[in-house]
Amino acid sequence: TKRSYTGKSTKKKYKNTKIRVIDLGEEDSFYSSKSKYVRKTGKVADGLNLQDGGYYSGKILFDDGTDAYFFNVKVTVL
(Lines give C-alpha, C1' and ligand atoms only; values in the text may rest on other atoms or scores of the structure.)
Protein backbone atom coordinates (compact mmCIF):
# COMPACT_ATOMS: atom_id res chain seq x y z
CA THR A 1 0.00 0.00 0.00
CA LYS A 2 1.16 3.51 -0.79
CA ARG A 3 1.51 5.90 2.14
CA SER A 4 0.51 9.50 1.61
CA TYR A 5 1.60 12.46 3.70
CA THR A 6 -0.24 15.70 4.20
CA GLY A 7 2.46 17.37 6.28
CA LYS A 8 0.55 16.64 9.47
CA SER A 9 2.49 15.15 12.36
CA THR A 10 2.44 11.36 12.45
CA LYS A 11 4.12 9.01 14.90
CA LYS A 12 6.66 7.86 12.35
CA LYS A 13 8.16 9.16 9.13
CA TYR A 14 9.00 6.25 6.88
CA LYS A 15 12.19 5.24 5.11
CA ASN A 16 12.97 7.23 1.94
CA THR A 17 10.43 9.97 2.78
CA LYS A 18 11.72 13.27 1.33
CA ILE A 19 11.95 15.87 4.10
CA ARG A 20 13.28 19.33 5.01
CA VAL A 21 14.71 20.06 8.48
CA ILE A 22 12.79 22.98 10.03
CA ASP A 23 14.11 23.01 13.62
CA LEU A 24 16.43 21.33 16.12
CA GLY A 25 15.62 21.07 19.82
CA GLU A 26 18.03 22.21 22.52
CA GLU A 27 18.51 18.59 23.62
CA ASP A 28 19.88 17.54 20.24
CA SER A 29 23.65 17.03 20.01
CA PHE A 30 23.68 19.08 16.77
CA TYR A 31 21.88 22.06 18.36
CA SER A 32 25.05 24.16 18.46
CA SER A 33 25.27 23.70 14.66
CA LYS A 34 21.54 24.31 14.14
CA SER A 35 22.05 26.83 11.32
CA LYS A 36 24.00 24.18 9.37
CA TYR A 37 21.00 21.82 9.31
CA VAL A 38 17.85 23.95 9.25
CA ARG A 39 16.46 24.15 5.67
CA LYS A 40 18.57 21.17 4.48
CA THR A 41 16.69 18.57 2.47
CA GLY A 42 17.17 14.84 2.34
CA LYS A 43 15.55 11.46 2.87
CA VAL A 44 14.72 9.51 6.00
CA ALA A 45 17.23 6.65 6.38
CA ASP A 46 15.39 3.97 8.40
CA GLY A 47 12.48 5.89 9.93
CA LEU A 48 12.00 8.87 12.22
CA ASN A 49 10.17 8.24 15.50
CA LEU A 50 8.03 10.90 17.14
CA GLN A 51 9.34 12.25 20.45
CA ASP A 52 7.91 14.85 22.85
CA GLY A 53 7.00 18.29 21.53
CA GLY A 54 6.62 17.22 17.91
CA TYR A 55 10.32 16.42 17.50
CA TYR A 56 11.60 13.25 15.85
CA SER A 57 14.64 11.05 16.33
CA GLY A 58 16.45 9.14 13.60
CA LYS A 59 18.93 9.32 10.77
CA ILE A 60 18.59 11.63 7.77
CA LEU A 61 20.55 11.21 4.52
CA PHE A 62 20.98 14.70 3.08
CA ASP A 63 20.96 15.59 -0.61
CA ASP A 64 24.54 16.90 -0.33
CA GLY A 65 25.81 13.39 0.55
CA THR A 66 26.13 13.96 4.31
CA ASP A 67 24.04 12.32 7.02
CA ALA A 68 23.24 12.82 10.69
CA TYR A 69 21.42 10.99 13.48
CA PHE A 70 19.18 13.43 15.35
CA PHE A 71 17.47 13.07 18.71
CA ASN A 72 15.32 16.24 18.54
CA VAL A 73 14.62 17.29 14.95
CA LYS A 74 11.49 18.79 13.41
CA VAL A 75 10.90 18.09 9.73
CA THR A 76 8.33 18.82 7.07
CA VAL A 77 7.50 16.31 4.34
CA LEU A 78 8.21 17.50 0.81
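In this text the structure is predicted, and so the values were computed from the model without any measurement.
- Rounded to the nearest 0.5 Å, atoms OG1 (Thr41) and CG (Asp63) are 3.5 Å apart.
- Nearest heavy atoms, Tyr37 versus Val21: O-CB, 3.4 Å.
- The two residues Asp28 and Phe71 have their closest heavy-atom pair at OD2-N, 2.6 Å.
- Proximity of Leu48 to Ile60: side-chain heavy atoms (C-beta onward) are separated by under 4.5 Å at one or more points.
- Side-chain contact between Val44 and Asn16 is absent, with no heavy-atom pair separated by less than 4.5 Å.
- In this structure, Phe30 has its ring center under 6.0 Å from that of Phe70.
- A distance of 7.0 Å separates NZ in Lys36 from OG1 in Thr66, rounded to the nearest 0.5 Å.
- With no hydrogens or angles considered, a side-chain donor-acceptor pair links Lys12 and Asn49 at under 3.5 Å.
- The pair Asp46-Lys59 does not count as a salt bridge, with every side-chain nitrogen at least 4.0 angstrom from each carboxylate oxygen.
- Here the straight-line distance linking atom OG of Ser29 with atom OH of Tyr69 works out to 10.5 Å at 0.5 Å rounding.
- Within a 6.0 Å radius of CG in Asp64, more than 12 heavy atoms belonging to other residues, nucleotides or ligands are found.
- The minimum heavy-atom distance linking Val73 with Leu24 is given by the pair CG2-CD2, 3.7 Å.
- Other residues, nucleotides and ligands place no more than 12 heavy atoms under 6.0 Å from the NZ atom of Lys43.
- Separation of atoms CD1 (Ile19) and NZ (Lys74) is listed at 14.5 Å; rounding is to 0.5 Å.
- Summarising the local packing, NZ of Lys18 is surrounded by more than 12 heavy atoms from other residues, nucleotides or ligands at distances under 6.0 Å.
- Side-chain polar atoms of Tyr55 and Asp23 form a donor-acceptor pair below 3.5 angstrom.
- In plain terms, the two heavy atoms of Ala45 and Leu61 that are nearest each other are CB-CG, 3.9 Å.
- Taking CZ of Arg20 as the start and CG of Leu78 as the end, the distance is 5.0 Å to the nearest 0.5 Å.
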